[in-house]
2 protein chains.
Amino acid sequence: MPRRRITQTDVAAMAGVSQATVSFVLNGSTPAGVRISEETRQRVLDAIRITGYTANPAAQRLAGGLAQILGVFTYEATFPRPSRDFYGPFLTGIEHAAERLGVDLLLFTSAPVEDGRRRLTREGWQRLGVADGCLLLGQHEHRGELQHLLDTNYPFVFIGKRGSDGGRLPYVGADYVSGTVRQIDRLVALGHRRIGYVGLRGTDQPTLDRVEGYRDAMKAHGLTTRFVELEDTAATAAEIVEQRFTAVVVAPENHPEELADELAARGVRVPDDVSVLLLGQPHHLRRGGRAWSGFSVPREEMGARALYLLSRLAADDGPRRERDARRPTAVTEAELHQVLACPDVEGATLAPPGRTAR
Amino acid sequence: MPRRRITQTDVAAMAGVSQATVSFVLNGSTPAGVRISEETRQRVLDAIRITGYTANPAAQRLAGGLAQILGVFTYEATFPRPSRDFYGPFLTGIEHAAERLGVDLLLFTSAPVEDGRRRLTREGWQRLGVADGCLLLGQHEHRGELQHLLDTNYPFVFIGKRGSDGGRLPYVGADYVSGTVRQIDRLVALGHRRIGYVGLRGTDQPTLDRVEGYRDAMKAHGLTTRFVELEDTAATAAEIVEQRFTAVVVAPENHPEELADELAARGVRVPDDVSVLLLGQPHHLRRGGRAWSGFSVPREEMGARALYLLSRLAADDGPRRERDARRPTAVTEAELHQVLACPDVEGATLAPPGRTAR
DNA sequence: TCAATCGGATGATGCGCATTATTAGCAGTC
DNA sequence: GACTGCTAATAATGCGCATCATCCGATTGA
C-alpha cells in the first residue's frame with residue numbers, strides 16, 4: 001500500500017523510461033516531433049496499470065494541461081430550498097454528464113455573495129483557473145465580469161440562452177419561443193379566443209422569448225394580445241375575471257398555485273372556466289400542487305448538453321493549444337449556441353372554453 | 001485588464017520585495033524564524049489589494065499548501081431526482097458552510113459507478129488530492145477503500161455516524177437513539193401500550209440506532225417489543241391490524257405514504273385508530289403527502305458542521321504540518337465524533353389510542 | 001574588539017506534470 | 001568518410017507557490 005502519491009516518475013522507473021516518456025504516452029499526441037515505439041508504449045501502460053497511477057490534477061493544471069475538472073458557477077446559492085428545486089434538475093443533468101466524461105465538478109461557493117447573488121469578481125475569476133472550464137447558470141447582471149473570461153479565452157458555457165453580447169457567449173438554452181407558440185396553438189385549436197398573458201415584464205431572456213412567442217402566435221391567429229402584469233396575485237385574478245379571458249398563459253415564476261386559489265375564491269374554476277397553461281415548470285413546488293398543462297423546460301438535458309459542450313471547448317481551447325487552430329474535433333458555430341425544444345406537458349388545466357365566459 | 005494570471009511575483013515586484021516575502025505575508029505564520037516588519041507587510045498587502053491578486057489553488061496545492069477547496073464524495077449519485085431528494089438538505093448546509101469559510105466545493109463525480117454506487121478506488125483516491133480534505137456521505141461498503149485515507153492521513157469527515165472501525169473515523173451524525181426513545185415516550189405518555197416497530201432490519205447505523213432506541217425505551221416502560229419487518233407494504237399493514245397496535249414507529253425509508261394507504265384500505269385511520277411516528281424525514285416525497293409526526297434529522301446542520309470540522313482538520317493536518325502537534329486550534333476528540341439532536345416534529349399522525357383497538 | 005545574537009529579508013529548491021530542445025543511434029547518400 | 005535524414009527517446013525548463021537554508025546589517029555581551 002503506497003502511502004505516498006504515485007507519480008509519473010514512479011511509473012517511469014518501473015517501465016525503465018523517463019518521466020517525459022510517460023507523459024507523452026499519457027497524452028497520446030506528441031506536439032513536437034516526439035515518437036514513442038509501440039513496445040515502449042505498452043511497457044508504460046502496463047506500469048500505469050500495475051501502479052494504479054492517476055495524474056495529480058493540481059500538477060496537470062499548473063503545467064498548463066487539463067485537470068479533468070469542470071467548474072460550475074451559479075449566480076444564486078445552488079442548494080438552498082427554492083433554488084434547489086430550480087437548479088436541481090440542471091445539476092442532475094450536469095452530474096450525469098460529468099460521470100460519463102469522467103470529470104470532477106468544482107462548485108465555486110467561495111465567490112462573495114451580495115444580496116443573495118454571487119459575484120464573479122476579479123479575485124474570484126482567478127480561482128476559476130483550477131478548472132478546465134466553467135459552466136455559468138443564473139441571471140448575471142455585472143456583464144463586466146464576463147469580460148475577463150472573454151479576454152483570457154477561458155472556456156465557459158452559459159446555461160440558458162444569452163442573446164446579448166453579439167452572440168459571443170456560448171450557451172445551451174431552451175426554446176421558449178416555440179414552446180409558447182405551441183401553447184397558443186393548442187388553445188386556439190380548442191376554440192379559445194380571449195387568451196391573456198400573465199407575467200411581469202422583465203428583460204431576462206426567458207421572459208422576452210415567452211412574450212415574443214405569445215405575440216407572434218396571437219398575431220398569426222389574428223387575435224388581440226392582452227397582458228396582465230400585476231405584482232399582486234389577487235389583483236391578477238381579478239383582472240383575469242374582468243377581462244373575461246377563457247384562457248391564460250402564465251410564466252411559472254408567478255405563483256400559479258396562488259393564482260388558482262384566488263380564481264377559485266372568485267368562483268372561477270380551472271380549467272372549466274379558465275384554462276391555464278404554464279410556460280415552464282412551476283418554480284415553487286407545493287404539497288398537493290396540481291398538474292399544470294403547458295410546456296416544460298428540459299433542464300436535465302440542458303445541463304448535460306452544456307457540460308458536454310464545455311468539455312469540448314476546454315479540450316480545444318486548452319491552455320497552450322491556441323495555436324493549431326482547426327483540428328478534427330473543432331467546435332462548430334452551431335454547437336456554440338444550442339436551443340433545446342420544450343416538450344408539451346399534458347396536465348389537467350387545459351379544456352375547451354367554458355360556458356361562463358364568452 | 002490583465003490577461004494573464006497575477007502571481008505572487010507580480011505582487012512582489014510592485015511591493016519591491018521578494019516572492020518569498022509575499023508568501024510569508026499571506027500565510028501569516030512563519031514556520032522558520034522568518035520575520036516581516038509591519039511596514040513591509042503593509043506594502044505587500046496594499047500591492048495585493050491593488051492587483052487583485054488571488055492565489056492559484058493548483059499551485060498552492062502542489063506546493064503542499066491548502067487550496068481552500070474541500071471535496072465532497074457521495075457514494076450514490078449526488079443530484080438524483082427531486083422525488084428522492086436525500087442529499088439535498090445536506091448539500092444546502094454544506095454550501096452555506098462553504099460560503100462562510102470562503103471555500104470551493106469539489107464533487108468527485110469522476111469516480112467510477114458500479115450498480116449505482118460510486119466507488120472510491122485506488123485511482124480515484126489520488127484525485128482527492130486536489131482538495132484539502134473530503135466529506136464522505138452515503139453508505140459505504142468497501143471499507144478497504146478507507147484504508148488509503150487513514151494511511152495517508154488525508155483529512156476526511158463522514159456525514160452520518162460511523163460506529164465501526166474502532167472510532168477512528170471522524171463523523172458528524174444524528175442522534176437516532178434519543179430521537180427514537182423520545183417518540184416512544186410521547187406515545188406512552190398518551191396512553192399507548194402496544195407499540196410496534198416497522199422497518200426492515202439492516203446493519204446500517206441509523207437502523208441499528210433506531211432499533212436500540214426502541215428496545216431501550218420499551219424496556220424502560222416495561223413494554224413488549226414487537227417488530228414488523230416485511231418487504232411488502234400491504235402485508236405490513238395487515239400485520240399492524242393483526243397485532244392490534246395502537247401505534248407504530250416507522251423508519252422513513254419504508255414508504256409511509258403507501259403504508260397509510262394500505263391501512264386506510266383496511267378501514268384503519270391514521271391517527272384515529274393507529275398513530276404513526278416517523279423516525280426521520282420521509283425519503284420519498286409525494287404530492288399531497290401528509291404531515292408526519294416523529295422526529296427529523298437535522299441534515300442541513302449536519303452538512304454544515306461536517307464541513308466546519310473538515311476545514312479544521314485540513315488546517316491542522318495540512319500536508320507538511322504534521323510535526324508541530326498541539327497548537328491552539330488543535331481538534332479535540334469530542335469534535336471528531338459529533339452527534340446532533342433530532343428535534344421532534346409535531347405533525348398530524350399522533351393521537352391518543354383510538355377506540356378501535358384495546 | 002570580536003564573536004554571538006537577532007531582526008528582516010532573500011535565494012534556492014521542489015511539488016508533479018507538459019512541453020520544448022537536445023541527443024543518441026542508425027540507415028542511407030554522395 | 002563526412003553528411004543528411006530519420007526514429008526513439010531523454011534532459012531541461014517552467015507553471016505558481018510554500019518552505020528551508022542562508023545572508024546581511026545592527027546590536028549586544030564579554
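Only this structure's heavy atoms are used, side chains among them; waters, hydrogens and symmetry mates stay out. Chain naming here is simple, since letters A, B, ... match the order of the sequence lines and numbering starts at 1 in each.
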What is the minimum heavy-atom distance between Arg61(A) and Ala58(B), and which atoms define it?
-> CB-CB, 4.1 Å
State whether Thr40(A) places a side-chain N or O below 4.0 Å from either non-bridging phosphate oxygen (OP1 or OP2) of dA9(D).
-> yes
Toward the 5' end of DNA chain D, which comes first, Ala59(B) or Ala20(B), by nearest nucleotide?
-> Ala59(B)
Looking only at side-chain atoms of Leu62(A), point me to the closest of dG7(C), dC17(C), dG16(D).
-> dG16(D)
What's the CG-P distance between Asn56(B) and dG16(C), to the nearest Å?
-> 16 Å
Write down the distance between CD (Glu38(A)) and P (dA9(D)), rounded to a whole number of angstrom.
-> 11 Å
Between atom CZ in Arg61(B) and atom C1' in dA18(D), what is the gap in whole Å?
-> 12 Å
Touch class at under 4.0 angstrom, heavy-atom based, for Thr7(A) against every strand present = sugar-phosphate
Once you round it to whole Å, what is the distance between P of dT22(D) and CZ of Arg35(B)?
-> 18 Å
Can you figure out which of dT10(C), dC17(D), dC15(D) approaches the side chain of Ala63(A) most closely?
-> dC15(D)
Options dG16(C), dA9(D), dA9(C), nucleotide nearest the side-chain atoms of Arg5(A) = dG16(C)
Whole-Å distance, Gln68(A) CD to dA18(C) P, equals 10 Å
Asp132(A) side chain to Leu70(A) main-chain N or O, any donor-acceptor pair under 3.5 Å?
-> no
Give a yes/no answer on whether the side chain of Ser37(B) brings an N or O atom under 4.0 Å of OP1 or OP2 in dA9(C).
-> yes
NA contact type, Ala55(B), heavy-atom cut-off 4.0 Å: base, sugar-phosphate, or nothing?
-> sugar-phosphate
Please check the phosphate of dA18(D) (OP1 and OP2 only) for any side-chain N or O of Gln8(B) closer than 4.0 Å.
-> yes
Does the side chain of Ser23(B) get closer than 4.0 angstrom to OP1 or OP2 of dC17(D) through an N or O atom?
-> no
Name the nucleic acid region contacted by Val17(A), choosing base, sugar-phosphate or nothing; use a 4.0 angstrom heavy-atom cut-off, strictly under.
-> sugar-phosphate
Would you call the rings of Phe158(A) and Phe156(A) parallel, tilted or perpendicular if under 30° counts as parallel and over 60° as perpendicular?
-> perpendicular
Residue mapping more 5' on DNA chain C - nearest nucleotide basis, Arg43(B) or Gln60(A) | Arg43(B)
Heavy-atom donor-acceptor pair, Asp104(A) side chain to Thr109(B) backbone, under 3.5 Å = yes
Send over the distance from Gln19(B) CD to dC15(D) C1', rounded to a whole Å.
-> 12 Å
Please check if the side chain of Thr74(A) supplies one atom and the backbone of Ala77(A) the other of a donor-acceptor pair under 3.5 Å.
-> no
Phe24(A) atom CZ is separated from dA11(D) atom P, nearest whole Å, by 12 Å
Calculate the interatomic distance between Ile36(A) atom CD1 and dT19(C) atom C1'; express it in whole Å.
-> 13 Å
